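Down below is the structure, laid out as structure tokens.
Residue numbers start from 1 in every chain, and the chains themselves are labelled A, B, ... in the order their sequence lines are given, proteins ahead of strands. Remember, it's a predicted structure, so these values are computed and weren't measured experimentally.
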2 protein chains.
Amino acid sequence: MPYTYEYPRPALTVDCVVFGAADDGLKLLLIERAVEPFKGRYALPGGFVDMDETTEEAARRELEEETGLKASFLEQLYTFSRVDRDPRERVVSVAYFALVRPSAVVGGDDAASAQWVDADELPPLAFDHDEIVRVALERLRAKIRYQPIGFELLPPKFTLGQLQRLYEDILGRALDKRNFRKAILRMGVLDELDEVEEGVSHRPPRLYRFNKAAYKRLAKQGFNFEI
Amino acid sequence: MPYTYEYPRPALTVDCVVFGAADDGLKLLLIERAVEPFKGRYALPGGFVDMDETTEEAARRELEEETGLKASFLEQLYTFSRVDRDPRERVVSVAYFALVRPSAVVGGDDAASAQWVDADELPPLAFDHDEIVRVALERLRAKIRYQPIGFELLPPKFTLGQLQRLYEDILGRALDKRNFRKAILRMGVLDELDEVEEGVSHRPPRLYRFNKAAYKRLAKQGFNFEI
DNA sequence: CCAAAAGTGTTGAAACTACACCCATGG
DNA sequence: CCATGGGTGTAGTTTCAACACTTTTGG
């Protein structure tokens, strides 16, 4: 027991709320707990913050250790500090909000117990993780309307139909196809490719790519992405 | 040295970025440090999180202990965790963002060393507090456009001129008087009072009051406050 | 030829921008 | 009567919401 302090200290952890998009909707990455407390329940991936890393570094490290995934987008969500949020001892947790591309979603789990679960049919979670997920979903719904983060959930080349379905899944309501297209194309942050998606049993949709450089240029001029 | 742990733990603190509005612009509340490190420099009010309080409770407690102020608005800003942000030891700090009304701004400081400083002429601050303030100003500028937090900086009864000057101070640009009035009155969250401000050497301006209940009702219906 | 999703244009209503003048008070 | 900020209306432009039909492919 080598570490002693003059005053007691809360333990400090990170938790990751990781969203992915699949054909059948928005998914959340969860771990099934193997030990008490909350043995058998699902929980967010996460763990303790080391002394030589920032909380963001801890979040990326834990995410990779527990699930094998690298987030294409990761930002701090909120710090949760309810005194009784962990029944064992005082633990303050910095939650992170992450998005991963679908190539990471499909395929067997590197970490045996990590699973993708439908974001709109979540089981009860361990600790205060229900609340953390609720806050993360709020953030996702708010943020997708004014920041181009939807593209972090799609493959590099995508159709406007895929993009619209993603927005509809996240916002939980239908969007007008014509107005959605007009709005998103007007912004000038999508490159129209000379390619279509093959092998569909209807008119093949054109593929687009998000132009990050164009977006950054516009953003610097005060332009506002907004759906 | 009674508190021992199996693994080392960062210390956990809170810092408060407190904004107030005065006649001559936006102010930030700072403390002059009496001890090393950064002795003599200005710093944000803050301190250690106790084991039996949330970080928000700690922020309110520290703010009152160090400055005598109660925030009319307080929300979590961001958690800062750079490994070297405190030269003495590893300290992770949860920063809070607070607004106080002008009655709290004027008058002698309860805490001798607390001072209001112009938000646009800040001296260099201790630790990473420059960065924390930068993030807080960004948040304030973004948030005032889509949340009715400006009223937390004004007295309960205010004129539209005061409100507009506040918005101009925070956003750093002039706003068209007619358009500003139309926009803010159209929302229907201000009560027009049967009172005017007396004692001014020009046409006496009408007083208004923010109607929180009306705002909440509208917000529940999906209405968006936006300037 | 049928099903399925892709793709496109218009119109009326609302909001946004820019702009100039009169009003009520104190000094 | 002057200075000061308060207070208002309008016209042109842009954006928004709502809506229906044609196109291209696979089966």
Pair A/Phe225 and A/Phe223, ring centroids less than 6.0 Å apart: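 They do not qualify: ring centres at least 6.0 Å apart.
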Between [X] ([atom1]) and [N] ([atom2]), how many Å, whole number?
{"X": "B/Leu175", "N": "C/dA18", "atom1": "CG", "atom2": "P", "value": "11 Å"}
{"X": "A/Leu163", "N": "C/dA5", "atom1": "CG", "atom2": "P", "value": "17 Å"}
{"X": "B/Lys177", "N": "C/dA20", "atom1": "NZ", "atom2": "C1'", "value": "11 Å"}
{"X": "A/Asp23", "N": "C/dA5", "atom1": "CG", "atom2": "P", "value": "13 Å"}
{"X": "B/Glu226", "N": "C/dA14", "atom1": "CD", "atom2": "C1'", "value": "15 Å"}
{"X": "B/Lys182", "N": "C/dA18", "atom1": "NZ", "atom2": "P", "value": "12 Å"}
{"X": "A/Arg178", "N": "C/dG9", "atom1": "CZ", "atom2": "P", "value": "12 Å"}
{"X": "B/Asn224", "N": "C/dA14", "atom1": "CG", "atom2": "P", "value": "18 Å"}

No-hydrogen, no-angle side-chain donor-acceptor test under 3.5 Å, A/Ser93 and A/Thr13: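 A/Thr13 and A/Ser93 do have a side-chain donor-acceptor pair below 3.5 Å.
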Segment of DNA chain D, first to last nucleotide, that comes within the 4.0 Å heavy-atom reach of chain A: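 Going 5' to 3' along DNA chain D, contacts run D/dC16 to D/dG26.
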Which residue lies more 5' along DNA chain D, comparing A/Ala183 with A/Ser201 via nearest heavy atoms: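 With A/Ala183 and A/Ser201 compared, the 5'-side residue is A/Ala183.
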5' precedence on DNA chain D between A/Asp176 and A/Val200 (nearest-nucleotide basis):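 Checking each residue's closest nucleotide, the 5'-ward one belongs to A/Asp176.
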Interatomic spacing from CD1 in B/Ile132 to CG in B/Asp15 - rounded to 0.5 Å: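 One finds 4.5 Å between CD1 of B/Ile132 and CG of B/Asp15.
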Neighbour count >12 (heavy atoms, 6.0 Å) for atom CZ, A/Arg209: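 Not buried by this count: 12 neighbours or fewer within 6.0 Å.
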Other residues, nucleotides, ligands: >12 heavy atoms within 6.0 Å of A/Arg145 CZ: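 For A/Arg145, atom CZ is not crowded (no more than 12 foreign heavy atoms under 6.0 Å).
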Comparing A/Asn179 and B/Asn179 on DNA chain C - which has the more 5′ nearest nucleotide: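 Going by which nucleotide is closer to the 5' end, it is A/Asn179.
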Aromatic ring pairing A/Tyr215/A/Phe210, orientation class (parallel under 30°, perpendicular over 60°, tilted between):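 Answer is tilted, since the angle falls between 30° and 60°.
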Closest approach of B/Leu207 to B/Glu197 (non-hydrogen atoms, all atoms of both residues):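 For B/Leu207 versus B/Glu197, the nearest heavy atoms are CG-N, 4.0 Å.
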Touch class at under 4.0 angstrom, heavy-atom based, for B/Arg181 against every strand present: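 Base contact - B/Arg181 has a heavy atom under 4.0 Å of at least one base atom.
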